[in-house]
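Okay, so here's the structure we're looking at.
Below, all heavy atoms of this structure are taken into account, side chains as well, without hydrogens, waters or symmetry copies. Note that the coordinates shown come from a computational prediction; the quantities given were computed from them, not determined experimentally.
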Amino acid sequence: DVTGVQTCALPISHRHKISPETFALLDAAVAAKQACLTESTGPVRCVEVARGLETWRYQPKEGSQVLQLCHRPAAGAFYGIERRFVEKGRHRLLHFDAKTGAMKEICKLEGWAFAFLNRNDSLVTSSGDVVRLTDGAVLRRLAFPQKEYPNH
């Protein structure tokens with residue numbers, strides 16, 4: 001917005017202004033008591049919904065950013081897809097403990113676009129892999145038509 005302050009779409013009793021640290025919000029994942037935000041070339045921040053206070057943050061290494069987030073209540077975790085700018089096509093699936101923010105890498109990902117699947121704790125990559133979030137196992141390969149995309 002004009003003032004540079006992002007507002008999460010939360011119940012009216014839990015609206016808080018969260019000042020951006022960079023020029024763009026990339027994604028957000030909302031849980032019952034937390035909201036996790038990622039910004040372009042910036043940190044992943046987890047905010048307590050009731051008070052609007054930051055509870056933890058993950059700062060990607062220089063030359064990286066977390067593009068997408070999702071929350072998995074059964075795992076007590078947020079998951080993110082991190083991209084390295086200097087290594088073309090290098091993406092990692094990350095697991096963040098919802099309480100502490102402790103991060104661990106689950107696996108490397110092939111492809112340039114990703115979609116989290118809400119019902120079965122997995123994601124789909126543009127290369128056709130269906131990847132389980134908990135351990136990075138490839139559950140199946142979809143027969144997506146393959147084409148070279150020179151800019152990705």
Side-chain angles (χ1 to χ4, degrees), residues 1-127 129-138 149 151-152:
D1 66 13
V2 177
T3 64
V5 176
Q6 303 285 341
T7 303
C8 272
L10 299 171
I12 196 76
S13 62
H14 295 304
R15 289 195 183 190
H16 304 284
K17 291 185 178 183
I18 300 169
S19 297
E21 294 192 5
T22 69
F23 61 91
L25 178 69
L26 293 177
D27 200 11
V30 179
K33 296 181 180 183
Q34 298 167 293
C36 197
L37 314 167
T38 184
E39 296 181 58
S40 181
T41 69
V44 174
R45 295 184 285 165
C46 190
V47 177
E48 184 183 291
V49 170
R51 298 185 303 159
L53 300 176
E54 184 176 315
T55 57
W56 57 261
R57 78 171 39 212
Y58 166 72
Q59 183 65 52
K61 291 181 182 177
E62 184 72 28
S64 298
Q65 68 184 8
V66 175
L67 302 171
Q68 292 172 253
L69 295 167
C70 80
H71 176 252
R72 290 285 170 248
F78 290 94
Y79 289 87
I81 297 172
E82 184 179 71
R83 175 179 170 227
R84 295 255 324 133
F85 302 124
V86 295
E87 299 172 30
K88 194 173 187 178
R90 284 305 251 179
H91 294 83
R92 304 187 309 159
L93 175 61
L94 305 179
H95 170 278
F96 299 99
D97 181 273
K99 291 181 182 177
T100 66
M103 185 279 290
K104 68 178 177 183
E105 178 180 319
I106 300 296
C107 65
K108 304 268 190 270
L109 296 169
E110 297 295 324
W112 51 268
F114 308 90
F116 287 105
L117 302 176
N118 291 332
R119 293 191 178 172
N120 62 354
D121 291 334
S122 58
L123 66 87
V124 176
T125 72
S126 58
S127 61
D129 292 339
V130 178
V131 178
R132 186 170 39 220
L133 296 180
T134 55
D135 61 6
V138 176
Y149 295 93
N151 295 326
H152 293 283

[X] side, atom [atom1]; [Y] side, atom [atom2] - distance, nearest 0.5 Å:
X	Y	atom1	atom2	result
Cys46	Arg57	SG	CZ	11.5 Å
Thr125	Glu110	OG1	CD	8.0 Å
Gln68	Phe114	CD	CZ	7.5 Å
Leu67	Trp112	CG	CH2	12.5 Å

Ignoring hydrogens, what is the shortest heavy-atom contact between [X] and [Y]? Give both atom names and the distance.
X	Y	result
Pro60	Gly42	CD-O, 3.4 Å
Val66	Gly80	CG1-CA, 4.1 Å
Cys107	Gly136	SG-CA, 3.7 Å

Tell me every residue that passes side chain to side chain contact (heavy atoms under 4.5 Å, CB included) with [X], counting only those two or more places apart in sequence or in another chain.
X	result
Ala115	none
Thr41	Thr22, Phe23, Gln65, Phe85
Ala113	Ser126

By salt bridge (charged side-chain N to carboxylate O under 4.0 Å, His left out), Arg132 pairs with (sequence neighbours left out) Asp135

Residues passing the salt bridge (charged side-chain N to carboxylate O under 4.0 Å, His left out) test with Lys99, sequence neighbours excluded, are none

Let's go through Thr134 and Tyr79 carefully: what are the C-alpha distance in whole Å and the side-chain angles of both, what is the deciding distance for side chain to side chain contact (heavy atoms under 4.5 Å, CB included) to 0.1 Å, and is it a yes or a no?
CA-CA 9 Å; Thr134 55; Tyr79 289 87; 4.1 Å; yes

- Item | Heavy-atom side-chain proximity of Ile81 to Leu123 below 4.5 angstrom | yes

Contacts satisfying ring pair (Phe, Tyr, Trp, His ring centres under 6.0 Å) that involve residues 41-61 (not counting sequence neighbours) are Trp56-Phe96, Tyr58-Phe96

Any chance you could lay out the side chain to side chain contact (heavy atoms under 4.5 Å, CB included) test for Leu133 and Cys70, step after step, and finish with the verdict?
CA-CA 10 Å; Leu133 296 180; Cys70 80; 4.1 Å; yes

_Under the criterion salt bridge (charged side-chain N to carboxylate O under 4.0 Å, His left out), I'd like the reasoning laid out for Lys61 against Glu82: C-alpha separation, chi angles, the key distance, then a yes or no._
CA-CA 10 Å; Lys61 291 181 182 177; Glu82 184 179 71; over 6 Å; no

Quick note, salt bridge (charged side-chain N to carboxylate O under 4.0 Å, His left out) partners involving residues 62-75, not counting sequence neighbours, are Arg72-Asp121

Under 3.5 Å, sequence neighbours excluded: what are the donor-acceptor pairs made by side chains of residues 24-35?
residue: Asp27; atom: OD2; partner: Leu69; partner atom: N; Å: 2.8
residue: Gln34; atom: NE2; partner: Ala98; partner atom: O; Å: 2.5

Side chain to side chain contact (heavy atoms under 4.5 Å, CB included) between Ile106 and Val131, intermediate numbers included
CA-CA 10 Å; Ile106 300 296; Val131 178; over 6 Å; no

Those residues at least two apart in sequence (or on a different chain) that pass side-chain hydrogen bond (donor to acceptor under 3.5 Å, both in side chains) with Glu105 are Arg92, Lys108

#### Entry: Worked check of side chain to side chain contact (heavy atoms under 4.5 Å, CB included) between Arg45 and Ile18
CA-CA 10 Å; Arg45 295 184 285 165; Ile18 300 169; 3.8 Å; yes

